2 protein chains.
Amino acid sequence: MKEKIDTRTRILDIAEAAVLEKGFEATSIEEIVAGAEISRGGFFYHFKDKNALARAMLERYIEVENALYDDLFARARELNDDPLHCMLIGLKLLAEMLEEMPTGHPGCVIASTAYQDRLFDEGVRNLNRQAILGWRKRFRGMFEDISELYEPREPVNLDALGDMVSGVVEGGLVLQRALREHNNASEQIMLFRTYLKLLFAPR
Amino acid sequence: MKEKIDTRTRILDIAEAAVLEKGFEATSIEEIVAGAEISRGGFFYHFKDKNALARAMLERYIEVENALYDDLFARARELNDDPLHCMLIGLKLLAEMLEEMPTGHPGCVIASTAYQDRLFDEGVRNLNRQAILGWRKRFRGMFEDISELYEPREPVNLDALGDMVSGVVEGGLVLQRALREHNNASEQIMLFRTYLKLLFAPR
DNA sequence: GTGTCAACTGGACTCGCGGTACAGTCGGGA
DNA sequence: TCCCGACTGTACCGCGAGTCCAGTTGACAC
């Protein structure tokens with residue numbers, strides 16, 4: 001009946017919510033400790049400084065995001081074995097997921113950290129980099145499978161095409177945040193989906 | 001022989017360079033006044049606070065960016081009257097321009113401000129929003145002209161397609177920053193270009 | 001030549017926040 | 001019983017934003 005979540009996780013939960021809402025700099029340690037109902041000393045017991053917090057948050061975020069992609073495309077795979085259709089279904093699911101988020105999606109931490117750069121140390125920046133490279137690899141692999149069966153109508157660099165998935169999502173989230181609209185990201189994904197349909201259309 | 005640029009402009013120049021390099025928060029007023037060789041008092045004489053600086057920077061940045069697009073597509077227009085080819089040439093020019101920037105492009109202030117949100121007041125956020133809406137309108141107009149001559153192979157929302165130009169650029173710049181690579185943005189634009197070629201291909 | 005005004009300089013001060021240091025408390029195993 | 005990990009609480013430092021304000025300097029006005 002231990003319903004008390006461990007403190008470190010609680011700090012991360014609260015910090016994540018706050019950071020996604022208003023950015024890392026704008027989130028003070030003061031309000032995190034208030035939310036988590038611990039003392040400032042308690043915070044620094046778990047994280048030596050704000051950078052350590054950022055690193056832990058990013059690690060967790062990337063893990064969740066990857067698990068989410070795993071799950072999404074696994075479900076897509078169950079619905080259709082063909083790699084192209086699997087990709088198309090996966091993107092549709094992703095778009096739907098983004099749309100269903102009532103608050104209009106957390107917004108990707110990657111972009112946020114990328115643009116605050118000097119605030120973070122090498123460790124954080126590297127994590128960020130590795131996450132994107134991981135997605136590149138994942139999507140590149142899927143596009144390789146696809147192009148074995150469907151010859152692309154125009155020559156494309158598969159790494160760049162893999163990056164485009166991340167890029168379209170990131171870009172969509174930026175637009176969404178800046179415009180205060182709520183479905184730009186999912187719209188952009190759907191547009192990217194029609195791109196793939198055209199690119200890999202059977203002759 | 002007055003080679004001294006007026007102080008306000010000098011502040012903006014220095015602030016812009018610093019902000020693009022390391023982000024808004026990480027840029028202190030101290031270093032701006034040092035760079036501009038004025039006193040702290042002098043800074044606050046021109047800008048009542050950091051938010052006013054942000055607003056002025058955004059205004060100037062958006063103006064420059066718009067002038068750049070005007071020029072780019074005017075040149076494209078000179079090379080080819082057809083709206084589709086004009087668009088394709090313009091995007092090519094844009095990609096080349098991004099590639100030629102030795103430091104790997106300033107990186108768009110829009111994304112940066114979008115993700116730091118609460119740091120800025122309503123004025124700054126609104127400027128940001130208006131800039132993106134302006135680009136939507138500009139590109140939507142171009143796509144309307146195109147689709148009058150070339151029926152799209154798949155149904156697309158032209159507003160969303162207009163947003164995709166901004167989104168692809170923004171997303172590409174995010175990747176570029178995070179990966180520490182230098183040509184992701186231009187690569188993404190070229191990929192988007194092949195999308196348009198496929199989408200508006202004559203039957 | 002005097003006045004006025006914009007464009008500053010320079011210094012003193014407040015406040016919030018990140019970060020340090022460290023002494024003390026409290027509950028749960030060995 | 002003792003130890004240890006997980007804290008609490010407090011005092012303190014430095015930095016950067018922002019305020020206040022008194023004083024200087026140079027240009028132009030009359």
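Lettering of chains follows the sequences in order, A, B, ..., and the numbering in each one begins at 1. Owing to the predicted nature of the structure, the values given are computational and were not obtained by experimental measurement.
- Taking only side-chain atoms of B:Phe44, from C-beta outward, the nucleotide of D:dG16, C:dG19, D:dG18 with the closest atom is D:dG18.
- Atom-to-atom, CZ of B:Phe47 to C1' of D:dT19 comes out at 18 Å; the value is rounded to the nearest Å.
- A salt bridge links B:Glu144 and B:Arg140; the closest N-O separation between the charged side-chain nitrogens and carboxylate oxygens is under 4.0 Å.
- Rounding to whole angstrom units, NZ of residue A:Lys50 and C1' of C:dG19 are separated by 12 Å.
- Between A:Phe24 and A:Phe120, the ring-plane angle classifies as tilted under the 30° and 60° cut-offs.
- The pair B:Arg77-B:Asp81 meets the salt-bridge criterion, with a side-chain N (NZ, NE, NH1 or NH2) lying under 4.0 Å from an Asp/Glu carboxylate O.
- Atom C1' of nucleotide C:dG18 and atom CZ of A:Phe24 are separated by 11 Å, given to the nearest angstrom.
- Atom CG of B:Asn51 is separated from atom C1' of D:dA17 by 12 Å (rounded to the nearest Å).
- Rounded to whole Å, atom C1' of D:dA6 lies 7 Å from atom NE2 of A:His46.
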Distances under 3.5 Å only, N/O to N/O: pair up the protein atoms with those of nucleotides 12-15 of chain C.
none

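- Remark: P of D:dG9 and CD1 of A:Ile38 are 11 Å apart, rounded to the nearest angstrom.
- A salt bridge does not link A:Arg55 with A:Asp49: none of the charged nitrogens is closer than 4.0 Å to a carboxylate oxygen.
- Side-chain N/O atoms of A:Tyr195 and B:Thr194 include a donor and acceptor closer than 3.5 Å.
- When the nucleotides C:dG19, C:dT9, D:dG18 are ranked by their closest atom to the side chain of B:Ser39, C:dT9 comes out on top.
- Salt-bridge check for A:Arg125 with A:Glu122: passed, with a basic side-chain N closer than 4.0 Å to an acidic carboxylate O.
- A salt bridge between B:Glu96 and B:Arg75 is absent, with no side-chain N of the basic residue lying under 4.0 Å from a carboxylate O of the acidic one.
- Phosphate contact (OP1/OP2 of C:dC8, side-chain N/O of B:Thr7, threshold under 4.0 Å): present.
- We find that CZ of A:Phe43 is positioned 17 Å from P of C:dA21, with the value rounded to whole Å.
- Across the protein-nucleic acid pair, A:Glu30 atom CD and C:dC17 atom P stand 7 Å apart, rounded to whole Å.
- Between A:Tyr45 and the phosphate of D:dA6, there is a side-chain N or O to OP1/OP2 separation shorter than 4.0 Å.
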